[in-house]
Amino acid sequence: MPEGPSLIIAREALMPFKGKKIVHASGSAKIDHDRLNKTKLLDIRTWGKHLLLCFDGFTIRIHFLMFGTYYINSEKDSVPKLAFEFAKGYVNFYTCAVRLIEEPLDDIYDWSADVMSDQWDPKNARKKLKDHPDMLVTDALLDQDIFSGVGNIIKNEVLYRIKLHPKTRLADVPARKLTELIREAHDYAFDFLNWKKENTLRQHWLAHTKKICSRDGDHIHKEYLGKTKRRTFFCNTCQEYYH
DNA sequence: CCGGTTGTTCAGCG
DNA sequence: GCGCTGAACAACCG
């Protein structure tokens with residue numbers, strides 16, 4: 001569920017409820033459900049991995065973390081974190097972090113950082129990357145302030161696609177390669193979205209969970225790299241290590 | 001059946 | 001106040 005493209009799918013699935021009134025809100029999330037009862041769901045937005053349910057004067061932010069899911073007009077056998085009942089239909093959110101946000105969204109979200117957004121701005125991303133010369137590219141792609149919506153799968157696939165070694169420091173990335181990094185973070189996310197919709201995402205992975213490099217037949221390494229120590233799959237032969 | 005993980009936040013420590 | 005670590009959360013897949 002968690003990476004940015006999946007949130008686009010979630011938003012689309014929820015759009016039928018836009019403008020509809022919540023008849024009853026419930027769930028185990030520690031929020032004031034009374035604020036939701038009999039209020040209209042004005043809009044559904046996303047910022048990276050955040051699902052934003054907009055109401056008059058506040059927003060419910062849902063983060064699906066690793067295992068979060070949602071069921072529309074159906075449920076599974078566990079207590080939802082949050083559940084909305086409309087006059088026609090209902091939604092259940094499971095295993096997610098729910099938070100009520102009072103601030104205007106424009107005050108707290110940099111929309112240009114979201115690789116899935118119309119407002120995604122490669123130039124801003126480049127500026128931010130310049131500010132972190134010692135950051136490894138494997139960490140940079142996971143930085144939600146720079147590449148909001150990019151997760152570990154997208155990270156691995158982008159680095160493989162542009163033939164860049166995950167341990168490369170940002171300062172050592174050639175300018176042209178940096179352009180590719182930024183472009184591919186956006187482009188691969190949309191390939192991810194399309195494949196996810198077709199249910200063919202897994203079969204399109206070239207590096208993530210792979211053992212053999214399809215370019216040169218070499219072994220794909222699996223290491224836990226960077227500050228975040230996340231699973232990183234890479235080929236030492238075709239992914240150039242600049243240092 | 002167990003181990004691992006598409007992620008984030010927070011407490012605790014030096 | 002900082003950076004770092006580890007825990008907590010929790011469900012599905014192989």
Side-chain angles (χ1 to χ4, degrees), chain A residues 1-11 13 27-31 46-52 59-71 74-83 92-101 103 108-110 113-116 131-161 166 184-211 220-234:
Chain A
M1 175 62 218
E3 301 198 33
S6 302
L7 273 285
I8 300 297
I9 294 170
R11 177 179 176 272
S28 62
K30 292 186 191 101
I31 55 157
T46 61
W47 181 82
K49 301 167 189 170
H50 296 198
L51 179 66
L52 302 165
T59 305
I60 295 289
R61 189 196 82 178
I62 294 180
H63 198 302
F64 291 103
L65 303 166
M66 287 268 219
F67 319 117
T69 50
Y70 57 95
Y71 280 48
S74 59
E75 55 273 299
K76 56 177 193 165
D77 190 20
S78 62
V79 179
K81 280 273 179 179
L82 189 61
N92 291 306
F93 298 99
Y94 301 92
T95 343
C96 50
V98 180
R99 195 187 289 192
L100 193 147
I101 300 175
E103 300 99 317
I108 52 174
Y109 287 116
D110 172 8
D114 180 2
V115 296
M116 304 310 296
D131 290 339
H132 304 281
D134 290 324
M135 190 185 264
L136 306 187
V137 293
T138 192
D139 284 325
L141 279 167
L142 291 174
D143 189 320
Q144 299 299 295
D145 292 330
I146 307 173
F147 296 106
S148 170
V150 170
N152 205 36
I153 297 172
I154 296 178
K155 175 198 82 176
N156 284 324
E157 292 298 307
V158 166
L159 291 174
Y160 183 82
R161 273 192 173 193
E184 208 57 56
H186 171 273
D187 291 0
Y188 181 77
F190 279 87
D191 286 344
F192 184 121
L193 173 61
N194 291 327
W195 291 329
K196 182 102 186 167
K197 282 180 174 174
E198 294 175 350
N199 239 326
T200 61
L201 179 62
R202 229 164 246 260
Q203 69 200 56
H204 282 97
W205 289 343
L206 298 175
H208 192 75
T209 71
K210 293 300 187 183
K211 296 214 159 47
I220 296 237
H221 292 260
K222 180 177 93 167
E223 285 181 39
Y224 294 80
L225 298 182
K227 279 192 183 176
T228 49
K229 298 205 171 58
R230 298 296 300 281
R231 234 174 19 145
T232 308
F233 295 88
F234 60 97

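Just so we're on the same page: letters track the sequence lines, and every chain starts at 1.
Under the 30°/60° scheme for interplanar angles, the aromatic rings of A:His63 and A:His50 are found to stand perpendicular. In this structure, A:Phe233 and A:His208 have perpendicular ring planes: the angle between them is above 60°, well past the 30° mark.
Comparing B:dT5, B:dT8, B:dT6 by their nearest atom to the side chain of A:Lys222 picks out B:dT5. Residue A:Tyr224 places its side chain closer to B:dG4 than to any other of B:dG4, C:dA11, B:dT6. Here the nucleotide nearest the side chain of A:Pro2, chosen from C:dA11, B:dT8, B:dT6, is B:dT6. Closest to the side chain of A:Lys76, from the set B:dT6, C:dC12, B:dG7, is C:dC12. In the set B:dG7, B:dT8, B:dT5, B:dT8 carries the atom at the smallest distance from any side-chain atom of A:Gln144.
Note: CZ (A:Phe67) to C1' (C:dA11) measures 6 Å, nearest angstrom. If you measure from atom NE2 of A:His208 to atom P of C:dG14, you get 12 Å, rounded to the nearest angstrom. Here C:dC12 presents its P atom at 10 Å from CG of A:Asp77, a figure rounded to the nearest Å. Atom CZ of A:Phe64 is separated from atom P of B:dT6 by 18 Å (rounded to the nearest Å). Taking atom NZ on A:Lys229 and atom P on C:dC4, their separation rounds to 9 Å, with Å as the unit.
Between A:Tyr94 and A:Arg202, the residue anchored closer to the 5' end of DNA chain C is A:Tyr94, taking for each the nucleotide with the nearest heavy atom. The residue among A:Lys227 and A:Thr95 whose nearest nucleotide of DNA chain C is located toward the 5' end is A:Lys227.
In this structure, A:Lys76 places its NZ atom where more than 12 heavy-atom neighbours from other residues, nucleotides or ligands lie under 6.0 Å away.
At B:dT6, none of the side-chain N or O atoms of A:Lys49 fall inside 4.0 Å of OP1 or OP2 (strictly under the cut-off). In this structure, A:His63 does not reach the B:dG7 phosphate: none of its side-chain N or O atoms is under 4.0 Å from OP1 or OP2. Within the 4.0 Å cut-off from OP1 or OP2 of B:dT9, at least one side-chain nitrogen or oxygen of A:Arg61 is found. Residue A:Arg99 places no side-chain N or O under 4.0 Å from the OP1 or OP2 atom of B:dT8.
Residue-level contact check: A:Lys155 touches neither bases nor backbone, having no heavy atom under 4.0 Å from any strand.
Across every strand in view, C:dA10 sits unpaired, with no contact that passes the Watson-Crick or G-U test at under 3.5 angstrom.
In this structure, A:Tyr71 has its ring center closer than 6.0 angstrom to the ring center of A:Tyr94.
When each of A:Thr138, A:Thr232, A:Thr209, A:Leu141 is tested with A:Asn156 by the rule side chain to side chain contact (heavy atoms under 4.5 Å, CB included), just one qualifies, namely A:Thr232.
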